[in-house]
J.: 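Please read through the structure below; I'll follow up with questions.
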Amino acid sequence: MFHFLFLQSSGLWNLLQSTLAPHLPVDRMRWIDLLLRTVRLAMEVFSRLLFGLMYRGDPHTPLPPITNLILLESATSLATKIRTKKLTSEEVVKSFIARIKEINPILNCVVDTRFDEALEEARAADTLIRSGTEDVETLTTTKPFLGVPFSTKDCFAVKGLRQTAGLWIRRDFKPDEDADVVRLMREAGAIPLCVTNVSELCMWWESANTIYGRTNNPYKTCCIVGGSSGGEGCLQSACGIPFGIGSDIGGSIRMPSFFNGIFGHKPTYGIVSNQGQEPVATGEACEFLVTGPMCKYAQDLLPMYQVLSACNTHLLKLDSKVDVRKLRYFYVEDDGGSPLITPVSSDLRDAQRKVVLHLEKGYGIKAKKITLKKLKAALPMYFAKLGSVEEAHTFCQELTLKKGNLNVWTEMAKWCLRCSHNTLPGLLLGMIEKLNNASKKSESFPKLLTMCDDLRKEIKELLGEDGVLLFPSHPTTAPYHSQPLLRPFNFVYTAVVNITLFPSTQCPLGLASDGLPLGIQVVANHHHDHLSLAVASELEKAFGGWVCPSEVP
C-alpha cells in the first residue's frame with residue numbers, strides 16, 4: 001500500500017518516454033537506456049559502499065532463544081490442541097504476550113496491544129470448551145481458530161486500539177468497530193492481540209514512521225522488514241504471534257513475508273473485504289488492493305483464507321484437492337532487464353533453480369522457462385495503471401486528513417532540521433506529485449494501459465486451469481535500513497502481479513549466504529488460489545519453509 005508515492009512519481013518515467021521516444025531515433029534511445037543503466041549502477045555501487053560503511057561489522061542484536069515450544073506451533077495446531085484440551089487458550093495467549101515483551105524492545109514491531117482484554121477472551125474460550133455445550137467437531141467447523149491469538153497491521157481497525165496507518169496526525173485515533181477481516185477472525189474464534197508497525201500512510205516499502213520509528217529485521221536488525229506489512233511479517237517470524245493479516249497493493253504482503261522468511265498470500269482481487277482499513281482505495285485501485293493471510297507455516301494459509309474470504313468462497317476452489325504432480329510449471333528468471341531495477345541476485349537465482357530441479361528430480365516435471373517481453377515495461381505499466389485511477393484526494397491532502405494541502409517545501413525544511421512529523425519518502429512524494437498530471441497527457445500513457453491488459457491476457461492464457469508461474473519475489477534479500485531510497489523501483493516484481501490481478505503466494509526457501517531469507521512467488525490464474533497454496537505446501541516440505549531466527553535449545 002505504498003502506491004501514492006509511485007502513483008505520482010510515474011510522471012518521471014512516463015514523461016521521459018512520451019517526450020523522448022517518439023522524437024528520437026532508435027540508436028539515441030539505446031544511449032538513453034545505457035545512461036539509465038549507468039545511473040542505476042552508480043547508485044547501486046554508491047549504495048553498497050555507503051551502507052557497507054554505515055553498518056560495517058554487520059551489527060545485529062540477537063533475539064532471545066525460544067524456551068517455550070508453544071511459540072513454534074502453527075495456528076492450526078494450536079487451535080486443535082486448545083479444542084481438545086491439550087492446551088488452554090489462556091496459556092497460549094500468555095506465551096505470546098511474554099514473547100512480545102521479550103522481542104519488541106529489539107525489533108519495534110508491535111505498536112499497540114490489548115493484552116488484558118485478550119486474556120479475558122482466552123478464559124472465555126476455555127470456559128466454552130470445558131462446558132461441553134459444543135463438541136469438538138462442531139467447534140472445528142464453526143470456530144476453527146477458537147482461542148488462538150492473531151495480529152494485524154496498523155491500518156486495519158481493531159476496536160479499542162489505535163489505527164494510525166503510520167500518520168502522525170492519526171496517532172490518537174481509535175476506531176469504534178472492527179474492520180471486516182478482524183470481525184471475521186473473531187467470529188472464527190481467534191483473539192486479536194496487537195497491531196503492528198507500518199510505513200507512513202502505508203505507502204513505502206520500509207516500515208518506519210514518525211510515531212513509532214522503524215522496525216528491525218529479526219535475522220539482521222540492521223536490515224529492513226519491508227512494507228507496508230513489515231511489522232506484521234517481523235512479529236510472526238520472531239515467534240511473537242502465530243499468524244496475522246496484511247494488505248497488498250504493490251507487494252505489501254509478499255515483500256515483508258519474503259524479507260522475514262514467512263508465507264504470505266495475495267488473493268485474487270475482490271475476494272477479501274478491504275472495508276475498515278486506511279488509507280481507502282478508490283476506483284480501479286480497489287482491484288489492486290487486496291487483503292490476505294500471513295503466517296510461518298503453509299498449513300495455516302488455506303484455513304485462514306477460508307475465514308477471510310467467507311462471503312466469496314464460492315468463487316474459489318479452496319476445497320479442491322490438488323495433485324502438484326499434475327500441474328504445469330513455468331518460470332521467469334527476471335523482468336527482462338529494466339534499466340532501473342537491480343538485477344536478481346545470484347542467491348535468488350540459485351534458489352529458483354533448486355525449485356525447478358526439485359520438480360524435475362522429485363516428480364519428473366519439466367518446468368518451462370518462458371520470456372514475457374512486456375515484463376521489461378512492468379514499472380511504467382504499474383505507474384500508468386495506478387495513474388489512471390482518479391483519486392478523490394491528493395497525497396498532500398491525505399497527509400492532512402483531507403483538511404487542506406500540506407506545504408511540502410516548508411515540511412522539507414523542517415525535516416532537515418528534524419522538526420517534521422512526516423517521513424522523507426512522504427515529502428519527496430509531495431514534491432513530484434504534479435508530474436503525474438503531465439504523464440497522463442503523454443502519448444505513451446494509453447499504450448501502457450493497453451500493454452498491461454495484454455500482459456494479463458498473455459499470462460491468463462498461459463496458465464489456464466492447471467498452470468502456475470514461479471516468479472522472483474524481489475531482486476535482492478532484505479536491504480539495509482534506508483537503502484530502498486537508492487533502490488526505489490525494486491518493488492516491481494510484486495507490483496506487476498497486482499496490476500494483472502493474479503493471486504500469488506510468497507514461499508520461503510531457506511537462508512541466503514548473507515543469513516537473510518530467500519523466497520519465491522508462486523502465481524496462479526484468477527480464482528485459482530488453491531493451486532499456488534498447494535505448491536506453497538509442497539515447497540515447504542522440500543525446502544523446510546520458515547527458519548527460526550532465534551536459537552531453539
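Positions are given from 1 along the sequence. Note: hydrogens, waters and symmetry copies are ignored here, and every other heavy atom, side chains too, is used.
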J.: Quick one: do E206 and R214 make a salt bridge, cutoff under 4.0 Å?
T.: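 No, this pair does not count.
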
J.: For F471 and Y493: C-alpha separation, side-chain torsions, deciding distance, then whether ring pair (Phe, Tyr, Trp, His ring centres under 6.0 Å) applies.
T.: CA-CA 8 Å; F471 197 68; Y493 279 93; 5.8 Å; yes

J.: Below 4.0 angstrom, N of the basic side chain to O of the carboxylate: do D178 and R186 qualify?
T.: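 So D178 pairs with R186 through a salt bridge.
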
J.: Could you report the tightest heavy-atom contact between I106 and P64, atom names first, then the distance?
T.: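 That would be CD1-CD, 4.0 Å.
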
J.: One pair to check against salt bridge (Lys or Arg N to Asp or Glu O under 4.0 Å): E44 and R40. What are the steps and the verdict?
T.: CA-CA 6 Å; E44 187 67 29; R40 194 262 307 154; 5.5 Å; no

J.: With no hydrogens and no angle check, do the side chains of S273 and D180 hold a donor and an acceptor under 3.5 Å apart?
T.: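 Present: a donor and an acceptor within the cut-off.
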
J.: Identify whether the distance between the nearest side-chain nitrogen and carboxylate oxygen of E398 and K402 falls below 4.0 Å.
T.: yes

J.: Assess whether a salt bridge exists between R349 and D334, defined as any Lys/Arg side-chain N lying under 4.0 Å from an Asp/Glu carboxylate O.
T.: yes

J.: Is the terminal nitrogen or CZ of R99 (NZ for Lys, CZ for Arg) located under 6.0 angstrom from the six-membered ring centre of F96 and within 45° of that ring's axis?
T.: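 Judged by the rule (NZ or CZ under 6.0 Å from the ring centre, within 45° of its axis), R99 is not positioned above F96.
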
J.: Nearest 0.5 Å please: distance from the OG1 atom of T113 over to the CZ atom of F115.
T.: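 Between atom OG1 of T113 and atom CZ of F115 there are 4.5 Å.
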
J.: Examine the side chains of H481 and N217 and answer whether a donor and an acceptor come within less than 3.5 Å of each other.
T.: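 The criterion, which ignores hydrogens and geometry beyond distance, is not satisfied for N217 and H481.
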
J.: What residue among N209, N197, T196, I211 forms side-chain contact (heavy atoms from CB on, under 4.5 Å) with V111?
T.: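 Testing V111 for a side-chain contact (heavy atoms from CB on, under 4.5 Å) against N209, N197, T196, I211 leaves exactly one candidate, N197.
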
J.: Restricting to ring pair (Phe, Tyr, Trp, His ring centres under 6.0 Å), what partner residues turn up for Y55, sequence neighbours left out?
T.: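 Applying ring pair (Phe, Tyr, Trp, His ring centres under 6.0 Å) to Y55 gives Y480.
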
J.: Between T400 and G404, is there a donor-acceptor pair closer than 3.5 Å when you use the side chain of the first and the backbone of the second?
T.: yes

J.: Measure the spacing between CD of E117 and CD of E121 and express it to the nearest 0.5 Å.
T.: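 Answer for the CD-CD pair, E117 versus E121, is 7.5 Å.
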
J.: Where do N260 and Q236 land on the side chain to side chain donor-acceptor pair (under 3.5 Å) test, with the steps shown first?
T.: CA-CA 8 Å; N260 293 281; Q236 293 181 37; over 6 Å; no

J.: State which residues pass side-chain hydrogen bond (donor to acceptor under 3.5 Å, both in side chains) with D347; sequence neighbours excluded, sorted by chain then number.
T.: S513

J.: Does a donor on one side chain sit under 3.5 Å from an acceptor on the other, for Q521 and S473?
T.: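 Looking only at side-chain atoms, S473 and Q521 do not form any donor-acceptor pair under 3.5 Å.
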
J.: Side-chain donor-acceptor pair under 3.5 Å between D154 and Q163, yes or no?
T.: no

J.: Indicate whether any N or O donor in one side chain lies under 3.5 Å from an N or O acceptor in the other, for S247 and K153.
T.: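 Result is yes, a qualifying pair exists.
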
J.: Could you grab the distance from atom CE of M54 to atom CD of Q483, nearest 0.5 Å is fine?
T.: 9.5 Å

J.: For F46, look at atom CZ and say whether over 12 heavy atoms of other residues, nucleotides or ligands are found less than 6.0 Å away.
T.: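 Counting other residues, nucleotides and ligands, CZ of F46 stays at 12 neighbours or fewer.
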
J.: Begin with the C-alpha distance, continue with both residues' side-chain angles, and end with the deciding distance and a verdict on side chain to side chain contact (heavy atoms under 4.5 Å, CB included) for M412 and L428.
T.: CA-CA 8 Å; M412 180 58 79; L428 291 175; 4.0 Å; yes

J.: Side chain to side chain donor-acceptor pair (under 3.5 Å) with D248: which of K266, H265, R254?
T.: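 By the side chain to side chain donor-acceptor pair (under 3.5 Å) criterion, D248 pairs with just one of K266, H265, R254: R254.
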
